[in-house]
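Each remark here refers to the structure printed beneath this line.
Every value quoted in this text rests on a predicted model; they were computed, and no experiment measured them.
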Amino acid sequence: METCMIKSKNREAFIDITSQVQEIVAASGVRAGCCVIHVPHTTAAVTVNEGADPSVQSDILSYLAERVPHRGSYRHMEGNSDAHIKSSLVGVSQVLLVEDGKVVLGTWQSIFFCEFDGPRSRRFHVQLVRDGTS
């Protein structure tokens with residue numbers, strides 16, 4: 001398992017981690033299998049979505065902010081209940097296919113670390129599972 005460190009600069013952000021993940025896959029020697037990306041935080045997440053147009057990431061953050069506002073009638077005392085909810089909605093893990101030593105992504109797809117309670121130093125884990133037939 002590889003652990004990567006990143007720093008978020010804003011309270012909420014999508015941080016493109018595609019190149020970091022692709023580098024880990026390439027260095028692993030795994031030609032075919034699966035790549036598991038896991039975020040071990042309760043106020044962050046990981047997703048795959050369009051990376052070519054940054055307005056898509058802004059739209060997703062805006063949508064989540066409207067549905068789960070920062071300030072609400074939450075009981076959690078730390079003031080970040082919205083971040084916990086957003087993390088649960090988006091999810092803390094992704095499983096992606098690996099083929100020819102690369103993560104399989106569509107033309108417009110990128111992998112994003114989703115920060116919902118920054119700025120902070122964060123980490124994510126990448127685990128490769130080799131296809132048993134290769």
Side-chain angles (χ1 to χ4, degrees):
M1 178 175 73
E2 291 280 333
T3 299
C4 298
M5 302 299 295
I6 57 173
K7 287 189 176 200
S8 59
K9 297 177 182 168
N10 299 307
R11 183 168 194 277
E12 295 188 338
F14 274 32
I15 302 166
D16 191 336
I17 60 171
T18 309
S19 61
Q20 289 171 277
V21 173
Q22 290 287 27
E23 288 172 14
I24 291 167
V25 172
S28 74
V30 173
R31 301 291 301 151
C34 292
C35 173
V36 180
I37 306 160
H38 178 72
V39 172
H41 303 287
T42 61
T43 58
V46 62
T47 193
V48 174
N49 213 300
E50 182 173 333
D53 182 355
S55 66
V56 172
Q57 296 125 56
S58 296
D59 288 345
I60 294 169
L61 289 172
S62 293
Y63 178 88
L64 289 171
E66 288 174 17
R67 292 341 179 254
V68 187
H70 179 62
R71 301 285 177 227
S73 58
Y74 306 121
R75 294 184 180 145
H76 183 54
M77 301 305 289
E78 288 183 41
N80 62 354
S81 285
D82 66 311
H84 289 287
I85 294 167
K86 291 168 187 171
S87 173
S88 289
L89 290 173
V90 175
V92 297
S93 295
Q94 290 286 322
V95 178
L96 303 172
L97 299 176
V98 173
E99 191 63 47
D100 296 324
K102 294 187 237 175
V103 174
V104 177
L105 292 169
T107 302
W108 307 111
Q109 288 182 318
S110 293
I111 307 164
F112 294 98
F113 182 96
C114 307
E115 176 63 78
F116 298 124
D117 192 29
R120 293 181 184 232
S121 292
R122 299 286 203 168
R123 66 186 191 275
F124 63 92
H125 304 298
V126 179
Q127 178 75 52
L128 280 293
V129 179
R130 190 179 308 271
D131 182 338
T133 63
S134 58

Rounded distance [0.5 Å steps], [atom1] in [X] versus [atom2] in [Y]:
X    : Y    : atom1 : atom2 : result
I17  : I111 : CD1   : CD1   : 6.0 Å
N80  : S87  : CG    : OG    : 10.5 Å
D16  : Q57  : CG    : CD    : 7.5 Å
K102 : C35  : NZ    : SG    : 14.5 Å
S93  : Q127 : OG    : CD    : 11.5 Å
C34  : Q94  : SG    : CD    : 12.5 Å

| task | Answer yes or no: are there more than 12 heavy-atom neighbours, outside M77 itself, under 6.0 Å from its atom CE? | result | no

| task | Quick one: list whatever passes side-chain hydrogen bond (donor to acceptor under 3.5 Å, both in side chains) with S8, sequence neighbours left out. | result | E115

| field | Partner set under side-chain hydrogen bond (donor to acceptor under 3.5 Å, both in side chains) for D53, not counting sequence neighbours | value | S55

| note | Here the pair of heavy atoms bringing F113 nearest to A44 is CZ-CB, 3.6 Å

| Under the ring pair (Phe, Tyr, Trp, His ring centres under 6.0 Å) test, which residues partner H76, sequence neighbours left out? | H84

| task | Report the residues that fulfil ring pair (Phe, Tyr, Trp, His ring centres under 6.0 Å) with F124, sequence neighbours left out, ordered by chain and then residue number. | result | none

| field | salt bridge (Lys or Arg N to Asp or Glu O under 4.0 Å) involving E50 - partner list, sequence neighbours excluded | value | none

| task | Verify the cluster assignment for V68 and V39: are they in a single hydrophobic cluster under the rule of side-chain heavy atoms below 4.5 Å apart? | result | no

| Same hydrophobic cluster for I15 and L61, using side-chain heavy-atom links shorter than 4.5 Å among ILVMFWY? | no

| query | Taking the side chain as C-beta and beyond, is there a heavy-atom pair between K7 and P119 under 4.5 Å? | reply | no

| query | Should F116 and L64 count as side-chain neighbours, where that means a heavy-atom distance under 4.5 Å? | reply | yes

When clusters are formed from ILVMFWY side-chain contacts under 4.5 Å, directly or step by step, what else is grouped with [X]?
X    : value
V95  : V36
M1   : none
V129 : none
L97  : V104

| said: Under the salt bridge (charged side-chain N to carboxylate O under 4.0 Å, His left out) definition, can you give me all pairs with a residue in residues 68-82, not counting sequence neighbours? | reply: R11-D82, D82-K86

| query | Hey, mind stepping through R67 and S62 against side chain to side chain donor-acceptor pair (under 3.5 Å) and telling me if it holds? | reply | CA-CA 9 Å; R67 292 341 179 254; S62 293; over 6 Å; no

| query | Does anything in residues 8-48 pair up under ring pair (Phe, Tyr, Trp, His ring centres under 6.0 Å), and if so which pairs, sequence neighbours excluded? | reply | F14-F112

| task | Take I6 and Q20, measure what side-chain contact (heavy atoms from CB on, under 4.5 Å) needs, and give me the verdict at the end. | result | CA-CA 10 Å; I6 57 173; Q20 289 171 277; 4.0 Å; yes

| side-chain contact (heavy atoms from CB on, under 4.5 Å) evaluation trace for V92 with V46 | CA-CA 5 Å; V92 297; V46 62; 5.7 Å; no

Expected list for residues 21-30: side-chain donor-acceptor pairs under 3.5 angstrom, two or more places apart:
unit_1 : atom_1 : unit_2 : atom_2 : d
Q22    : OE1    : V103   : N      : 2.8
Q22    : NE2    : V103   : O      : 3.3
S28    : OG     : V25    : O      : 2.7
S28    : OG     : V30    : N      : 3.0

